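Notes follow once the structure below has been shown.
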Amino acid sequence: MLEKAFNDVYTKFKLHFYQNVFQRFATREATLTTVESFCMEGIMAMGEPTIAEFSRMMHISTPNAAYKIGSLVRKGYVEKIQSTVDRREYHLRPTQKYIDYYSISYAYLHTVIERVRKRFPEEDTAKLEEMLTIISNELMPELDLLPADPEKAAVLQREAEMAEAEKNQ
């Protein structure tokens with residue numbers, strides 16, 4: 001039963017995302033292909049990966065990743081930011097154009113979370129948060145999205161916290 005319930009929730013989030021992607025195609029607002037949308041989802045999930053980090057995570061060749069990233073840069077959805085630590089390295093950062101595009105899907109997540117907070121007691125939502133954090137941090141090691149560099153991880157964490165604080169104001 002747990003497997004089915006988890007799968008149902010996961011499937012509904014995926015379907016909502018797909019609806020948004022296809023709706024943009026129907027209204028001709030989309031300039032991202034479906035594969036590019038998936039690439040952007042990966043980049044968003046990873047923070048600010050390098051092309052090499054992105055290619056490793058997605059299990060595609062670096063030249064293939066570079067080609068896809070080049071298209072996203074040309075379309076204005078990604079910018080390459082030179083590393084302050086290693087000037088030879090560039091990190092991929094979603095632009096405001098993509099963040100605006102992405103916020104439609106993220107808004108649904110926020111809606112569901114607000115419904116959870118209204119439906120369940122605070123201690124249950126705290127337990128759910130604890131369980132999801134454990135699942136993400138301990139039980140899914142194959143998809144560790146935090147960078148190996150602790151400094152980079154700390155910066156990404158601070159940025160995420162600042163964005164969350166802005167959203168809640």
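Note that the structure is a prediction, hence the values are computed from the model and not measured. Every heavy atom of this structure was used, including side-chain atoms; hydrogens, water molecules and symmetry mates were not.
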Linking I/L/V/M/F/W/Y whenever their side-chain heavy atoms sit closer than 4.5 Å, directly or via other members, would I134 and Y10 fall into one cluster? no
Going hydrophobic residue to hydrophobic residue with side-chain gaps under 4.5 angstrom, can you get from L15 over to F38? yes
Pair D8 + K4: basic N to acidic O under 4.0 Å: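 Result for this pair is yes, salt bridge flagged.
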[Y] backbone acceptor or donor facing [X] side chain under 3.5 Å:
| X | Y | answer |
| --- | --- | --- |
| H91 | I81 | no |
| S136 | L132 | no |
| E138 | I135 | no |
| S83 | E89 | no |
| Q82 | R87 | yes |

Do you know the tightest heavy-atom contact between [X] and [Y]?
| X | Y | answer |
| --- | --- | --- |
| P94 | M44 | CG-SD, 3.3 Å |
| I43 | I69 | CD1-CD1, 3.6 Å |
| C39 | L72 | CB-CD1, 4.0 Å |

Tell me if the CD atom of Q96 is crowded by more than 12 foreign heavy atoms within 6.0 Å. yes
Per salt bridge (Lys or Arg N to Asp or Glu O under 4.0 Å), K127 is matched among E130, E123, E129 by E130
Value rounded to 0.5 Å, distance of [atom1] in [X] from [atom2] in [Y]:
| X | Y | atom1 | atom2 | result |
| --- | --- | --- | --- | --- |
| T62 | R56 | OG1 | CZ | 7.5 Å |
| R93 | E79 | CZ | CD | 5.5 Å |
| Y77 | M40 | OH | CE | 9.0 Å |
| K118 | T125 | NZ | OG1 | 13.5 Å |
| F54 | L92 | CZ | CG | 8.0 Å |
| I60 | Y67 | CD1 | OH | 12.5 Å |

Step-by-step side chain to side chain contact (heavy atoms under 4.5 Å, CB included) determination, D124 to V116: CA-CA 9 Å; D124 287 353; V116 166; over 6 Å; no
Mind checking whether H16 and Y108 have parallel, tilted or perpendicular rings, split at 30° and 60°?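 H16 and Y108: parallel rings.
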Could you pull out all residues at least two apart from F6 that satisfy ring pair (Phe, Tyr, Trp, His ring centres under 6.0 Å)?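 Once residues adjacent in sequence are excluded, F6 has no partner under the ring pair (Phe, Tyr, Trp, His ring centres under 6.0 Å) criterion.
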Could you go step by step and tell me if Y98 and L32 meet the side chain to side chain contact (heavy atoms under 4.5 Å, CB included) rule? CA-CA 10 Å; Y98 181 73; L32 288 174; 3.9 Å; yes
R119: which residues meet the side chain to side chain donor-acceptor pair (under 3.5 Å) condition with it, sequence neighbours left out? none
E36 and K68: side chain to side chain contact (heavy atoms under 4.5 Å, CB included), yes or no, with the steps? CA-CA 7 Å; E36 288 170 338; K68 289 176 179 9; over 6 Å; no
Could you please spell out the steps behind the side chain to side chain contact (heavy atoms under 4.5 Å, CB included) verdict for Y90 and T50? CA-CA 6 Å; Y90 287 85; T50 64; over 6 Å; no
